[in-house]
Amino acid sequence: MKSKIQKNSLLSKTETYIRDYFEHEGSGHDWWHISRVKNLALKIADSEGGDRFIIEMAALLHDLDDWKLAENNSELKSESWLNKIGVSDKDTERILQIIEEVSFKGAGVETSANSLEAKIVQDADRLDAIGAIGIARTFAYGGHKGRLLYHPDIEPVMHQSFEAYKNNTAPTINHFYEKLLLLKNLMNTNTARDMAENRHSYMEDFLSHFFDEWECKF
């Protein structure tokens, strides 16, 4: 079993690696997103418990092989990194399982987190997808993908499969109804549910203003 000093060294190496890798990423999945997810996860863990090393490592690596960003490569970069720095096979398996469970895969697709650590990292990632920062990230991603802001004739879709969700090209505003407004009720932990309330309300207020301005009400 590795000492706390050894674990801190592994985390420090991983943070440096991830920061360098995502420093210039422009779709809203940059280093600062990962940093916020890490900090949110550790904040939730303060109240909920869990293995902090596993939580922090999974949070740092959670976007490295994300389908929205990854190249077509059968080799998992996260697994290669964990092997390279000498993380145990047992911990590597736990971290990779969390990473697999974190991502939202469609409104009609179950995305269960099967450990406390996975629930915490999933909650942290979802918290950063909502509220003021979530709004900013959503439009950054929509611009990155060349999507319309909004089209009144294109209705939101509750995707029933991961493939349908991945292949979606709808306007950015639709994403609020297809994912972001659903997340408050999908939080796993009491801590995250409490944190989600204000962020969710902020998005509702934003959408109300958006549609008032769209319709030239003021």
Side-chain angles (χ1 to χ4, degrees), residues 22 25-30 32-34 36-37 40 62-72 98-114 118-119 121-190 192-218:
F22 285 97
E25 210 287 324
S27 74
H29 298 81
D30 59 0
W32 294 109
H33 159 66
I34 294 165
R36 289 190 303 272
V37 170
L40 282 165
H62 82 276
D63 271 344
L64 192 57
D65 295 297
D66 191 293
W67 62 269
K68 296 184 292 295
L69 311 172
E71 302 169 356
N72 292 325
I98 291 169
I99 293 169
E100 174 63 25
E101 292 174 354
V102 164
S103 182
F104 183 87
K105 297 178 174 65
V109 182
E110 185 178 357
T111 52
S112 298
N114 295 302
K119 290 175 182 178
V121 177
Q122 187 183 75
D123 281 355
D125 190 40
R126 289 177 173 183
L127 282 169
D128 203 58
I130 62 177
I133 286 176
I135 292 169
R137 291 184 62 224
T138 299
F139 285 102
Y141 186 75
H144 180 73
K145 289 292 187 178
R147 296 182 180 179
L148 295 174
L149 288 178
Y150 173 62
H151 194 302
D153 296 331
I154 302 176
E155 296 288 333
V157 176
M158 298 296 102
H159 303 101
Q160 298 301 307
S161 73
F162 185 32
E163 283 301 312
Y165 179 70
K166 283 198 298 184
N167 294 327
N168 177 41
T169 59
T172 297
I173 286 292
N174 289 32
H175 191 60
F176 286 84
Y177 299 94
E178 294 168 351
K179 175 184 177 181
L180 306 189
L181 293 172
L182 308 177
L183 295 181
K184 177 173 73 76
N185 292 329
L186 295 176
M187 296 294 168
N188 301 290
T189 64
N190 290 332
R193 280 191 283 272
D194 289 344
M195 295 173 73
E197 288 291 340
N198 285 338
R199 296 179 186 228
H200 182 87
S201 295
Y202 191 91
M203 291 191 301
E204 290 182 321
D205 289 344
F206 167 77
L207 289 168
S208 177
H209 279 273
F210 180 92
F211 288 116
D212 281 347
E213 292 179 19
W214 186 272
E215 295 167 8
C216 304
K217 290 184 177 179
F218 60 78

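Positions are given from 1, in the same order as the sequence printed here.
When the side chain to side chain donor-acceptor pair (under 3.5 Å) test is applied to T169, no partner is found at least two apart in sequence or on another chain. Listed by chain and number, the residues in a side chain to side chain donor-acceptor pair (under 3.5 Å) with E155 amount to none (sequence neighbours excluded).
Between H33 and D125 there is a side-chain heavy-atom pair separated by less than 4.5 Å. The shortest distance between side-chain heavy atoms of L207 and I173 falls below 4.5 Å. The closest side-chain heavy-atom distance from F22 to I34 is below 4.5 Å. In this structure the side chain of K179 reaches within 4.5 angstrom of the side chain of Y165, judged on heavy atoms. L40 is listed as a side-chain neighbour of M195, based on a closest heavy-atom distance under 4.5 Å. Annotation: side chain of F139 is in contact with side chain of L149 (closest heavy-atom distance under 4.5 Å).
Here the CD atom belonging to Q122 is positioned 10.5 Å from the CG atom belonging to L127, to the nearest 0.5 angstrom. A distance of 12.0 Å separates CD1 in I98 from NE2 in H62, rounded to the nearest 0.5 Å. Note that CZ of R36 and CD1 of I133 are 4.0 Å apart. Values are rounded to the nearest 0.5 Å. Remark: E204 CD to K184 NZ distance equals 7.5 Å, nearest 0.5 Å. To the nearest 0.5 Å, atom CZ of residue R193 and atom CG of residue N188 are 7.5 Å apart.
With hydrogens and angles disregarded, a donor-acceptor distance shorter than 3.5 Å links the side chain of S201 to the backbone of E197. Side chain of R137 to backbone of D128: a donor-acceptor contact under 3.5 angstrom is found. A donor-acceptor distance shorter than 3.5 angstrom exists from the side chain of E101 to the backbone of N114, with no hydrogens or angles considered.
There is no side-chain donor-acceptor pair under 3.5 Å between H29 and D66. Counted by atom type alone, E110 and S112 present one or more donor-acceptor pairs between their side chains at under 3.5 Å.
Using cut-offs of 30° and 60° on the angle between ring planes, the pair F210 and Y150 is perpendicular. A tilted orientation is assigned to the rings of F211 and Y177, their planes being inclined by 30° to 60°.
A140 approaches G28 most closely through the heavy-atom pair CB-N, 4.2 Å. Scanning both residues, L181 and H200, for their nearest heavy atoms gives O-CE1, 3.2 Å.
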